[in-house]
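Read through the structure below, which is laid out as structure tokens, and then see the notes.
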Amino acid sequence: MKLLGKIVLRQLWARRGLNAIAAVGVLLGVLTLVAISGIMDGAGEKFFSTILQVSPHIVVRAERLDSATTPRPAGFEGPSAIAYVTATGGDPRRRIQRPVEMADAIEKLEGVVAASPFAVGTGIVASSSKTRPVELRGVDFARQDRVTPLHGYVVSGSYASLAATPDSALIGTLIAADLGVKVGDRITCVARGQTASLRVAAVFETTINAVDKGRLYVNLRQAQSLLRRGDGIDGIDGIEIRVGDPTHAPEITTRIERVFGYDAESWQQVNANFLGLLAQQGFVVNLVIGALLAVGGFGILAVQIMIVGQKRRDIAILRSVGFRRADILQIFLAQGVAIAFVGSLFGSLFGHFALVWLRTVKAGGGGGTIFRAEFMPIQETWQTYLSAAAFSLVVGALASLLPAWRASRVDPIDVLRGQL
Amino acid sequence: MTQSPVIEARDVVRELGTTVKQRVVDGVSLDIAEGDFVSLTGASGSGKSTLLYLLGVLDRPTSGTVTVAGTDVSALSDDARARFRSENIGYVFQFHFLLPEFTALENVVLPLLRRGGIRDSEANARGLEALTALELGHLSARLPDQLSGGQQQRVAIARALAGRPRVLLADEPTGALDSASGEIVMQIFERLWGEGMTLVMVTHDSRFARRAPREISLKDGRIVETRSHDPR
């Protein structure tokens, strides 16, 4: 192997100009792959890491499923789950009976971190002459913070003070900016004909535009009053849940539906359209990158075919002094892989530099975008580099397979006769 | 000087062409003994080079058998023939066929290293010994294009000899050289024969052919004459 390696390196170096051209094809493919993956992964990571912090992983809605044959959860003690959370009276299909107890029960399920009941509706907030529509969310701030730790996104005011007074409100920075209000100011909220004066106790900024300009958090009782809901069972629209591993949310959702008999939705279902769009976009981008790398492979193929043609005499002499067909095959295969390796190495290096540069590019992020960021969010993972290297090496090997096979089939006699 | 046959060819036929078959070698039988120096002569297209490749295990006969050093090489696989060549046969061609990316010494030791069972240092020592014997020791680090035609051919001879082959086969070794360089190559061959090497040389130059003790002439793929010469 050492001898063949020496031959490979010498031959590569002897035709470094041609080989460099072939390597540049791979370089461009890998550079594109690394840069585009960094941008797409960065955007995806930024969005999901934030949305999974400020939105629940699972939402249980106050709507019973048709089948009430719900088994008792594994390890769950006491009466059956349905019996545990269901009380008599009213329309049981549209209510979560004893929501606090049900939230407590959900928290006991494996994989669940926290659960918190909520009420939600639409409303209008106003300050001076400015108004804007909002999603009015009533929560138990202490409990909700374990599900969606919004305290980490508070940019002014105090999250802890929200529970202290019943008229406290938590608003996004874009609402605050629109209304021209700050912490301590009062705003008016109107919902279902009810009006309440609220004090802005804290302002949060998630950078997700839809959240920052759309959500108004108030105490649960305040929301129930504004939305004309009763206390307790009538005033709850659902339970928000945080799980340990968000990728397992669909399984836990199914389990919750089976155990409690209420309709539940995982964050993947809620964001299905967006996830589908991302997957589609990823597929198209991978297709383009694959085509780019394939073009790089054709570069290797063309150069290798040319070199094999030029090297027929050398191949003949190697064969005549004892080199086997397999040796010749290995020499030319290794050359193709080496070209791809060098292209991949420099492509990764330049790709890394491209990402370093892209991190300094102002992101813009106006109202038309999904999220705001001062700089373009970039995610650089070793998996990207590994897959780029693996893919380009496979392309290099495949591209040099034909020329290497042709080289190994060179019959020294044909070449020697041709010389005479 | 002659001993037991190291090469035996029996009724060897070699046909070329796919649609129209042409017999390039037509029923040749010959023995070459250990320590022989044989020249193969004939006009262009007489089949002398093809016969040399058959005797040197580079080509396979269409029919007949070739036995080298007691092994019927006609039946060997491609890889076995490659190994057999590297262990038993040294080749010198009309053109030096040196690998341009490797120095003179590296060209000489490549077949040795491919054969295996030898350390790099030992192979280098043997290569240098072969180059020195051909008065090229001081040029061992040069690339082929930094050597003259005669020097390149001598490096090719050193490459053929470094593996200490049983037989040295030369195909028009002086064909691409000027007369002075050709003479040097012939003197090397005579010296090697004097040291006991078995040599088979294809040449169309009658002056050089006569310097081998046995000259076999071919015409249309057949042996037409075998002559003995008194070597100088």
Side-chain angles (χ1 to χ4, degrees), chain A residues 1-20 303-304 306-332 334-335 338-339 404-420, chain B residues 14 16 24 44-45 48-50 52-54 56-60 77-103 106-116 120 123 143 156 159-160 162-163 165 169 171-172 175-176 202 204:
Chain A
M1 283 309 286
K2 188 178 156 193
L3 176 64
L4 297 185
K6 193 174 177 178
I7 294 172
V8 167
L9 291 178
R10 289 287 177 88
Q11 292 196 341
L12 282 171
W13 184 247
R15 282 166 173 74
R16 52 193 174 278
L18 269 180
N19 291 326
V303 166
Q304 286 285 87
M306 194 155 69
I307 289 176
V308 167
Q310 292 172 351
K311 283 278 175 192
R312 281 173 60 83
R313 203 193 65 172
D314 292 352
I315 295 165
I317 201 65
L318 285 173
R319 294 275 289 119
S320 68
V321 298
F323 282 75
R324 298 167 304 147
R325 287 190 192 281
D327 296 330
I328 307 297
L329 187 82
Q330 284 175 51
I331 287 170
F332 284 92
Q335 285 187 22
I339 292 168
W405 182 81
R406 285 177 63 171
S408 74
R409 306 313 296 174
V410 168
D411 191 337
I413 290 298
D414 291 342
V415 179
L416 294 170
R417 280 203 189 98
Q419 293 285 339
L420 296 176
Chain B
R14 181 67 175 109
L16 295 178
V24 182
S44 287
K48 54 189 187 300
S49 289
T50 303
L52 188 83
Y53 300 149
L54 290 165
V57 203
L58 262 177
D59 201 1
R60 288 175 192 276
S77 69
D78 265 5
D79 285 349
R81 288 154 66 82
R83 179 150 195 88
F84 187 88
R85 278 198 299 274
S86 73
E87 288 173 352
N88 295 284
I89 293 164
Y91 263 110
V92 180
F93 300 99
Q94 178 178 357
F95 300 96
H96 57 79
F97 283 169
L98 299 175
L99 300 180
E101 303 90 4
F102 290 82
T103 65
E106 287 169 335
N107 265 286
V108 170
V109 301
L110 267 180
L112 279 178
L113 293 173
R114 177 62 198 92
R115 193 201 292 179
D120 285 8
L143 292 170
R159 178 179 61 194
L169 303 179
D171 188 5
E172 303 274 14
V202 166
H204 62 266

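Please read these numbers as outputs of a predicted model, since none were measured by experiment. We name chains A, B, ... by the order of the sequence lines, and we start the count at 1 in each one.
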Quick one: closest heavy-atom pair of [X] and [Y], and the distance?
X	Y	result
G322(A)	S86(B)	CA-CB, 3.8 Å
R319(A)	A82(B)	NH1-CB, 4.3 Å
R114(B)	L3(A)	N-CD2, 3.4 Å
P100(B)	D314(A)	CD-OD2, 3.5 Å

Residue, of L16(B), V57(B), L98(B), I89(B), that accumulates the most heavy atom pairs under 4.5 Å with chain A: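 Top count of heavy-atom pairs under 4.5 Å with chain A: L16(B).
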
Among R115(B), E106(B), R81(B), single out the residue with the greatest number of heavy-atom pairs under 4.5 Å to chain A.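 Ranked by heavy-atom pairs under 4.5 Å with chain A, first place is E106(B).
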
Can you check whether D78(B)'s main-chain N or O pairs, donor with acceptor, with R324(A)'s side chain at less than 3.5 Å? no

With rounding to the nearest 0.5 angstrom, report the [atom1] to [atom2] distance, [X] to [Y].
X	Y	atom1	atom2	answer
I413(A)	D59(B)	CD1	CG	4.5 Å
L99(B)	R313(A)	CG	CZ	8.5 Å
I317(A)	Y91(B)	CD1	OH	10.0 Å
S320(A)	D171(B)	OG	CG	11.0 Å

NZ/NE/NH1/NH2 to OD/OE distance under 4.0 Å, K6(A) and E101(B):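 Salt bridge flag = no for E101(B) with K6(A).
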
Structural part of F84(B) lying under 4.5 Å from a heavy atom of chain A: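 The answer is neither part of F84(B).
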
Out of L318(A), D411(A), D327(A), return the one with the most heavy atom pairs under 4.5 angstrom to chain B.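 It is D327(A).
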
